[in-house]
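What follows is one structure encoded as structure tokens, with my remarks underneath.
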Amino acid sequence: MEKPKTDKQKPVYGMASNCAFMISRAWRDAKSVLLICAGLILCAVAASLLELFVTPMILDAVGRGVSPGELTVLIAQFALGLVCVYSLQTYLKANTLFGRVYVRLKLSIEQNLLECRTAYPHIEDPDYLQRAAKAERVLSDNNQAGEAVWATMTDLASNLVSFTIYLLLLSQAGPAISLLTAALAAAGYFAGERIRSWRYRHREEEGKIHHSLNYILRRSQDTKLAKDVRIFGLGPWLVQLYDKHAQLFYDFCVKGRRRYLWADLLDVALALLRNGAAYGWLIALALRGELSPAQFVLYFSAVGGFAQWVTGIFQNLGTLRRQSLELSTLREFLDSPEPFRFEDGAPLAVKPSHLYAIELRDVSYRYPGAEADTLSHVNLTIRPGEKLAVVGKNGAGKTTLIKLLCGLLDPTEGVVLLDGEDIRQYDRRDYYKLFSAVFQQFAPLPGTVAENVAQGEDVDLERMWDCLERAGVADQVRALPQGENTHLGRQLYLDGVELSGGQMQKLMLARALYKNGPVVVLDEPTAALDPIAESQLYQKYHDLTRDATSVYISHRLASTRFCDRVLLIENGGIAEEGTHDSLLELGGRYAYLFDIQRKYYAEGAMENE
């Protein structure tokens, strides 16, 4: 696992590397971005030169006594040149947005795909989630570094070209002017560099605040929570919670702006010093008669422009540095190492009609940041075709055990074996194909019922309806407005429907049956079902898992009588093991818990009567 980065760590990628990265992406995805940037650079340089020479040229022409007609033509030429340059510049700026947005969206798609396909441990890793939030922010809108960097690089290149031309021009009036101006501008930049990088050095703090804000916003917009929000009056509390974290982010931004203010004040002070020295030098030359009126105006304008280009260069460098730091966080996220092997792993083909054996050998697992193991030195072999039940109190480690079996987590100690082979050698996505699973937290997608069951658009309708029938939800699907073509959820579709918890759980069971994996995993499959539906599912359990190895998690111990073996998980290990009847005869912890549940259900039945 990758170690969390601290604020003191330097970015992996430098400014030049990040600029080259963006240029290579534009060359691959939208070459128009580079062509328009080149055109804007030429327009900016041409406009600055025309503005610089127009007044000195007119003064020179007047001094030489040219005719009014010639003077008019000269002025018209400069005016026409400026009109053409500004018109082309306006046209390019109007069309530059499309390519830049396309490059940013391509990067955003890559970043989102990485989040969707990453190994499961990353989903539970706070450090990874913070880095993901920061990477998303870099590409979130036009003003963020993922797109704004193009304007910065364009301005920087324009300033560099103009700076070179002005430097050659001013050198004719003496190198002292250009050297003094450049030295003072450089001093201001390097003095303020550390101040400007404050935000990057505190990026972890900012990432935590953004993660909290995004979480609160997502939960407050979740339609599944709407009933609870209204019934329990949670609206004001959610607003208060969001305002609290928004205030934290505001305070963070204020701290940064205060530091940037000091850097700006330093720039202003040095600008006054360098401009005053340069103008004094030119006035002295003019008073000694070493400059003509046209030359004085030319150099006087050039000094202001030269200072502008030098200041612009270092300002652009400062901006580019900040944007580069943000781009580095994006690239570092895109380069995040995976804890599992995927394409570089050995292929694992699902063998038809083959029943697999899965073994946990001396397996321990501790969640990141936890002080103790959730599971400790567990040894378990699931025999081919076995029906295994895993029971225990909430928090005992049942779901963690299932995640280890399914390869969603790797043990911190020990090894998981498939038919005697370490699963870490395989392409983990191939390993996932072995499992048909229904977890407590499932993910219906915004599509049709048929697409959700078939997990894609290529739907075998006969097979789909068979799975819906076996899961006990076919009649409910037929009753929907469009049957199996009814859209689920209202996030994307106005005609979407919201299924009840029990209906959705049965639909997810149908999805697991449709996949038809050789290992079936049911993690609390009756949690959202009523007692009658629960009993019907128990009766179908053998049929649903007839040709598969199956693992069944439940907190209702009565369900275990349908299984070949029962595991009671307590204190990070297997406390008891056997069949339902043998464990009751043992009279241990399992029998004690079963007796408590039996009395609870009996009392509930009497109250209902």
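Residue numbers start at 1 and run along the sequence shown.
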Scanning both residues in full, the closest heavy-atom pair of Ala30 with Gly99 reads CB-O, 4.0 Å
At their closest point, which heavy atom of Arg100 faces which heavy atom of Leu40, and how far apart are they?
NH2-CD1, 4.0 Å
Within a strict 4.5 Å, meaning less than it, do heavy atoms of the Trp150 and Cys37 side chains meet?
yes
Within the distance-only criterion (no hydrogens, no angle test), does the side chain of Thr319 pair as donor or acceptor with the backbone N or O of Gln315 below 3.5 angstrom?
yes
Rounded to the nearest 0.5 Å, what's the gap from NE2 on His210 to OG on Ser140? Could you check?
8.0 Å
Start with the C-alpha distance between Leu325 and Thr329, add both sets of side-chain angles, then the distance that settles side chain to side chain contact (heavy atoms under 4.5 Å, CB included), and finish with yes or no.
CA-CA 7 Å; Leu325 295 174; Thr329 63; 6.0 Å; no
Write down the atom of Arg366, the atom of Thr412, and the distance for their closest heavy-atom approach.
N-OG1, 3.4 Å
Side-chain donor/acceptor of Ser220 to backbone N/O of Leu217, under 3.5 Å:
yes
Is any side-chain N of the basic residue among Lys134 and Glu326 closer than 4.0 Å to the acidic one's carboxylate O?
no
Which pair of non-hydrogen atoms, one from His245 and one from Ser212, has the smallest distance, and what is that distance?
CD2-CB, 3.4 Å
Tell me if a side-chain donor or acceptor on Ser48 pairs with a main-chain N or O of Val45 at a distance below 3.5 Å.
yes
Between the side chains of Glu343 and Arg428, is the shortest nitrogen-to-carboxylate-oxygen separation below 4.0 Å, so that they form an ion pair?
no
Donor-acceptor check, side chain of Ser24 to backbone of Ala20, threshold 3.5 angstrom: yes or no?
yes
Decide if atom CZ of Phe342 counts as having more than 12 heavy atoms of other residues, nucleotides or ligands within a radius under 6.0 Å.
yes
Where do Leu334 and Leu114 come nearest, in terms of heavy atoms and distance?
CA-CD2, 3.7 Å
Measure from NZ or CZ of Arg331 to the centre of the six-membered ring of Tyr13 and say whether it is under 6.0 Å with the direction within 45° of the ring axis.
yes
Taking everything shown except Asp458 itself, do over 12 heavy atoms lie less than 6.0 Å from its CG?
no
Leu445 backbone acceptor or donor facing Asn452 side chain under 3.5 Å:
yes
For a side chain to side chain contact (heavy atoms under 4.5 Å, CB included) check, start with the C-alpha distance between His211 and Leu129, then their side-chain angles and the critical distance, and finish with the verdict.
CA-CA 8 Å; His211 178 68; Leu129 296 177; 4.1 Å; yes
Tell me, with the steps shown, if Phe21 and Leu107 meet side chain to side chain contact (heavy atoms under 4.5 Å, CB included).
CA-CA 11 Å; Phe21 170 78; Leu107 282 170; 3.9 Å; yes
Would Phe439 and Leu408 count as a side chain to side chain contact (heavy atoms under 4.5 Å, CB included) here? Give the steps.
CA-CA 12 Å; Phe439 297 106; Leu408 295 174; 4.0 Å; yes
Identified side chain to side chain donor-acceptor pair (under 3.5 Å) partner of Asn316 from the options Asn159, Asp155, Thr154:
Asn159
Is it the case that the side chains of Gln247 and Asp251 hold a donor-acceptor pair, with the cut-off being a distance below 3.5 Å and no angle test?
yes
Are Tyr128 and Phe333 close enough that their ring centres sit under 6.0 Å apart?
yes
Using the side-chain contact (heavy atoms from CB on, under 4.5 Å) rule, pick out the option among Leu105, Val33, Asp141, Asn142 that qualifies with Glu147.
Asn142
Tell me whether the rings of His487 and Tyr493 are parallel (<30°), tilted (30 to 60°) or perpendicular (>60°).
parallel
Distance from Gln221 atom CD to Leu238 atom CG, nearest 0.5 Å?
11.0 Å
Within the structure provided, determine whether Asn18 and Ser328 are in side-chain contact (heavy-atom separation under 4.5 Å).
yes
Taking the side chain as C-beta and beyond, is there a heavy-atom pair between Gln425 and Leu348 under 4.5 Å?
no
Any donor-acceptor pair under 3.5 Å linking the side chain of Asp125 with the backbone of Pro121?
no
Flag side-chain contact, heavy atom, 4.5 Å: Asn112 against Ile109:
no
Atom CG in Leu317, atom CE in Met15: separation rounded to 0.5 Å?
5.5 Å
Output yes when a side-chain donor or acceptor of Asp29 lies under 3.5 Å from a complementary backbone atom of Val103, and no otherwise.
no
Salt bridge between Asp127 and Arg131, side-chain N to carboxylate O under 4.0 Å?
yes
Quick check for you: to the nearest 0.5 Å, what is the distance between Leu320 atom CG and Gln323 atom CD?
6.0 Å
Presence of salt bridge, Glu124 and Lys403, under 4.0 angstrom
yes
Residue Phe249 excluded, over 12 heavy atoms near CZ under 6.0 Å
yes
Here the gap from Leu35 atom CG to Lys31 atom NZ, rounded to the nearest 0.5 Å, amounts to 9.5 Å
Taking C-beta and beyond as the side chain, do Gln130 and Glu205 meet within less than 4.5 Å on heavy atoms?
no
Is any side-chain heavy atom of Phe78 closer than 4.5 Å to a side-chain heavy atom of Leu50?
yes
Rounded to the nearest 0.5 Å, what's the gap from CG on Leu248 to NZ on Lys208? Could you check?
12.5 Å
I would like to know whether Arg117 and Glu338 meet salt bridge (Lys or Arg N to Asp or Glu O under 4.0 Å); could you show each step before the answer?
CA-CA 10 Å; Arg117 295 172 177 173; Glu338 291 289 352; over 6 Å; no
Just by distance, do the side chain of Asp430 and the backbone of Tyr426 share a donor-acceptor pair under 3.5 Å?
no
Please tell me whether Arg104 and Ser108 have a donor and an acceptor in their side chains that are separated by less than 3.5 angstrom.
no
Nearest heavy-atom pair of Tyr86 and Ala47: which atoms, and what distance?
CE2-CB, 3.9 Å
Is the shortest side-chain heavy-atom distance between Ser336 and Thr118 below 4.5 Å?
no
Could you tell me whether the side chain of Asn485 reaches within less than 4.5 Å of the side chain of Val449, counting heavy atoms only?
no
